[in-house]
Participant: 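Take a look at this one; I'll ask things after.
Start at 1 with the first residue, then count along the sequence.
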Amino acid sequence: ASTDALSLPASLSQALMAFMIDYEWDGIGWQFFDANVLQHIPDDGAPLETVTPDVDLSGTGGSTLERHRMLYVEADPERPGKKRVRLRTRGRAMRDRYPARLKQIEGNWRKRFGARCIAELHEALLALIAHFAADWPDHPPVTRWLSRKYRVCTLSGKPHTGRT
């Protein structure tokens with residue numbers, strides 16, 4: 001298929017999909033969970049209410065991360081009546097591997113597409129990002145874009161209403 005007719009959203013989508021495929025290819029982790037959940041749980045755990053905005057985690061054992069033995073939820077010994085999320089061995093390994101995995105993929109892309117191409121892509125994306133809200137997270141979970149806190153703005157700085 002020719003790339004000449006691809007729109008900007010389609011081009012970005014294809015690049016992001018290629019990154020996701022490369023990240024998840026070896027079956028070690030899921031980029032969404034690694035970036036948005038596991039990275040934010042320290043070795044001593046985190047309060048359940050600080051984790052649940054990003055992921056459906058009830059503490060009943062039914063969530064994806066619990067079923068796949070990445071983490072568990074227990075009573076918080078320091079806060080009676082509250083729960084704490086702790087990483088299991090597999091979740092800790094995924095969390096700890098995340099930064100190296102990103103560097104590995106970037107290195108692979110430099111070899112595959114050329115260092116100049118990747119540098120130009122990075123510079124172009126940074127030029128766009130300079131126009132976005134400074135408080136946006138590095139790896140925002142998709143569903144939280146619907147909240148007021150992460151309201152999407154157009155490059156003009158005007159809030160995007162979802163209407164075309």
Participant: Which residues pass the side chain to side chain donor-acceptor pair (under 3.5 Å) test with Asp76, not counting sequence neighbours?
Facilitator: Arg79, Arg84

Participant: Measuring from Ile21:CD1 to Leu16:CG, what's the distance to the nearest 0.5 Å?
Facilitator: 11.0 Å

Participant: Any salt bridge linking Arg95 with Asp43? Criterion: basic side-chain nitrogen under 4.0 Å from a carboxylate oxygen.
Facilitator: yes

Participant: Are Leu12 and Leu121 connected in a single hydrophobic cluster, I mean Ile/Leu/Val/Met/Phe/Trp/Tyr linked by side-chain heavy atoms less than 4.5 Å apart?
Facilitator: yes

Participant: Where is the tightest heavy-atom contact between Arg92 and Leu87, given as atom of each residue plus distance?
Facilitator: NH2-O, 3.4 Å

Participant: When rounded to the nearest 0.5 angstrom, what distance separates CZ in Arg88 from CE in Met70?
Facilitator: 11.0 Å

Participant: When you compare the side chain of Phe113 with that of Asn108, does any pair of heavy atoms fall below 4.5 Å?
Facilitator: no

Participant: Looking at residues at least two apart in the chain, or sitting in another chain, which of them share a ring pair (Phe, Tyr, Trp, His ring centres under 6.0 Å) with Tyr72?
Facilitator: none

Participant: Atom CG in Leu125, atom CD in Glu123: separation rounded to 0.5 Å?
Facilitator: 10.5 Å

Participant: Could you work out, with side chain to side chain donor-acceptor pair (under 3.5 Å) as the rule, every residue matching Arg67, not counting sequence neighbours?
Facilitator: none

Participant: For Arg110 and Ala119, which heavy atoms make the closest approach, and how far apart are they?
Facilitator: NH1-N, 4.4 Å

Participant: Any luck finding a side-chain donor-acceptor pair between Ser11 and Gln14 under 3.5 Å?
Facilitator: no

Participant: If the condition is ring pair (Phe, Tyr, Trp, His ring centres under 6.0 Å), which residues does His68 pass it with, not counting sequence neighbours?
Facilitator: Trp30

Participant: Verify side-chain contact (heavy atoms from CB on, under 4.5 Å) between Glu66 and Leu71, making sure each step is shown before the conclusion.
Facilitator: CA-CA 5 Å; Glu66 290 172 288; Leu71 52 76; 3.7 Å; yes

Participant: Stepwise, does the side-chain contact (heavy atoms from CB on, under 4.5 Å) test hold for Tyr98 with Leu38?
Facilitator: CA-CA 9 Å; Tyr98 181 72; Leu38 302 178; over 6 Å; no

Participant: If I take atom CE from residue Met20 and atom OG from residue Ser13, how far apart are they, to the nearest 0.5 angstrom?
Facilitator: 11.0 Å

Participant: With rounding to the nearest 0.5 angstrom, report the CD to CG distance, Glu74 to Leu48.
Facilitator: 11.0 Å

Participant: List for me each residue that meets side chain to side chain donor-acceptor pair (under 3.5 Å) alongside Arg112, sequence neighbours excluded, and say none if there are none.
Facilitator: Asp22

Participant: For Arg97 and Gln104: C-alpha separation, side-chain torsions, deciding distance, then whether side-chain contact (heavy atoms from CB on, under 4.5 Å) applies.
Facilitator: CA-CA 10 Å; Arg97 184 170 186 242; Gln104 177 189 17; 3.8 Å; yes

Participant: Just jot down the side chain to side chain donor-acceptor pair (under 3.5 Å) partners of Asp44, sequence neighbours excluded, or say none.
Facilitator: none

Participant: Verify the neighbour count for atom CZ of Arg69: are there more than 12 heavy atoms of other residues, nucleotides or ligands below 6.0 Å?
Facilitator: no

Participant: With rounding to the nearest 0.5 angstrom, report the NZ to CD distance, Lys82 to Glu49.
Facilitator: 5.5 Å

